[in-house]
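Below is one structure, written out as structure tokens; comments come after it.
Not measured: the values here are computed from a predicted model.
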Amino acid sequence: MTPEFAATLLNGKTIIITGASSGIGAAAARIFAAEGAKLVLGARRAELLKEITEEISANGGEAAFLAGNVEDGGYAEALVALAESRFGGLDGAFNNAGIVGEMGPVPDMADSNWHKVMAVNLNSGFYAAKFQIPAMRKRGGGSIVFTSTFVGHTIGLPGMGAYAASKAGLIGMTQVLAAEHGPENIRVNALLPGGTMTPMAGDDAGSHEVVRGFHALKRMAEPSEIANAAVFLLSDYASFVTGSAMIADGGNSINKL
């Protein structure tokens, strides 16, 4: 094993990452592998997943991938099955896939947009938990992290009703799952990023400048910074952390100037 993939914080843990083809998910794949994890990568774009998997393997890490749609419960089940067949079980999951959807006031919003955002952001979390928790139970415990957001939790942003509702729903589900499965040594947490330089952020420099100003740190996050926060929640360093909505938003929630 090369030094880049020396056994460290996630040594020996098998972890599923969804939304792994780009942005925070792709950064997480590389960082988790460097921390010693065995990975099952999921997203819609098979070619990008293949490239990341091959990169990890070339650097001495272990990864497998399966393309699919997180709206489909069968896909969530298949990712768990791959973890079990390829690596012998499941220890953790970073359920990171999500979309913003079409922005606009709720009275003007198409029903189809509302249902699409809920399906990708919230229903996918239900399916993930449904199949990941029984697999972790077999291992005597595990850790689940859902990517949520500060939007709809600490502030409201106009035009983001569907996104805010879906991501706030993940926080509610996180709390219930943590209470239900804590006795089984299964921890469940939500991670709330701030503005992050991913494809979802677009390429409008003017918009980026405005978003940077929202944060106390006066900048947007790099995807690796959010992935590093997920490493903590999935690692044994967070062994007494469960049911939390962990904010990693660069001070967006507390900044007014």
Side-chain angles (χ1 to χ4, degrees), residues 14-30 32 38-56 63-87 90 92-103 109-136 144-149 151 160-174 177 188 190-191 193 196 198-202 223 226-227 230:
T14 298
I15 297 175
I16 291 171
I17 304 174
T18 64
S21 61
S22 65
I24 293 170
R30 295 179 174 98
F32 290 10
K38 302 172 185 178
L39 300 176
V40 172
L41 306 180
R44 290 173 299 157
R45 294 173 289 184
E47 187 56 40
L48 291 178
L49 289 176
K50 182 173 182 289
E51 290 176 8
I52 294 170
T53 299
E54 290 176 346
E55 176 189 332
I56 289 170
F65 74 91
L66 179 65
N69 188 340
V70 294
E71 299 173 61
D72 178 9
Y75 180 53
E77 185 176 18
L79 288 171
V80 171
L82 179 56
E84 292 184 320
S85 64
R86 180 69 177 271
F87 300 118
L90 181 67
F94 184 30
N95 297 306
N96 169 70
I99 60 171
V100 172
E102 298 173 9
M103 296 179 61
M109 186 178 295
D111 292 1
S112 58
N113 180 67
W114 176 271
H115 292 300
K116 178 69 173 180
V117 173
M118 292 297 161
V120 175
N121 294 354
L122 183 56
N123 294 359
S124 67
F126 161 73
Y127 291 130
K130 182 178 178 67
F131 296 106
Q132 291 166 6
I133 287 172
M136 293 178 189
I144 295 175
V145 177
F146 295 105
T147 299
S148 182
T149 179
V151 182
M160 303 190 77
Y163 180 71
S166 65
K167 292 293 191 175
L170 282 177
I171 295 173
M173 186 170 66
T174 290
L177 291 172
V188 187
L191 178 59
T196 307
T198 69
M200 188 180 291
I226 307 305

Just do the side-chain contact (heavy atoms from CB on, under 4.5 Å) check on Phe65 and Leu82 with the steps written out, would you?
CA-CA 8 Å; Phe65 74 91; Leu82 179 56; over 6 Å; no
Spacing of OH belonging to Tyr163 relative to CG belonging to Leu122, to within rounding of 0.5 Å
13.0 Å
Are any side-chain N or O atoms of Ser148 and backbone N or O atoms of Lys167, one a donor and one an acceptor, separated by less than 3.5 Å?
yes
Salt-bridge present (Lys130, Glu77; N to O < 4.0 Å)
no
Between Phe32 and Ala230, the two heavy atoms sitting closest are CZ-CB, 3.9 Å
Working to the nearest 0.5 angstrom, can you tell me the gap between Leu49 CG and Glu47 CD?
9.5 Å
Which atom of Phe94 lies closest to which atom of Ile15, heavy atoms considered
N-CG2, 4.3 Å
Specify the closest pair of heavy atoms between Gly125 and Met173, including all atoms of both residues, with the distance to one decimal.
C-CE, 3.4 Å
Less than 4.5 Å apart, any side-chain heavy atom of Arg86 and any of Val40?
no
Checking side-chain contact (heavy atoms from CB on, under 4.5 Å) against Ser166, which of Thr149, Asn123, Val117 comes through?
Val117
Report yes if the side chains of Leu177 and Ile144 come closer than 4.5 Å at any heavy-atom pair, otherwise no.
no
Give the minimum heavy-atom separation between Ala190 and Thr174, together with the two atoms involved.
N-CG2, 3.6 Å
Closest heavy-atom pair, Ala93 versus Gln132, reported as atoms and distance to 0.1 Å, is CB-OE1, 3.2 Å
Flag, side chain of Thr14 to backbone of Ala83, donor-acceptor distance under 3.5 Å:
no
Here the gap from Phe131 atom CZ to Glu84 atom CD, rounded to the nearest 0.5 Å, amounts to 11.5 Å
Partners of Thr147 by side-chain hydrogen bond (donor to acceptor under 3.5 Å, both in side chains), sequence neighbours excluded?
Asn96
Using a 3.5 Å distance criterion without hydrogens, assess whether the side chain of Asn121 forms a donor-acceptor pair with backbone atoms of Ile99.
yes
To the nearest 0.5 Å, what is the distance between CG (Leu79) and CG (Asn95)?
9.0 Å
What closest approach, in Å, do Leu170 and Phe146 show between heavy atoms, and which atom pair accounts for it?
CD2-CD2, 4.1 Å
How many angstroms lie between CG in Asp111 and NZ in Lys116, if you round to the nearest 0.5 Å?
15.5 Å
Please report the interatomic distance CD1(Ile16) to CZ(Phe87), rounded to the nearest 0.5 Å.
10.5 Å
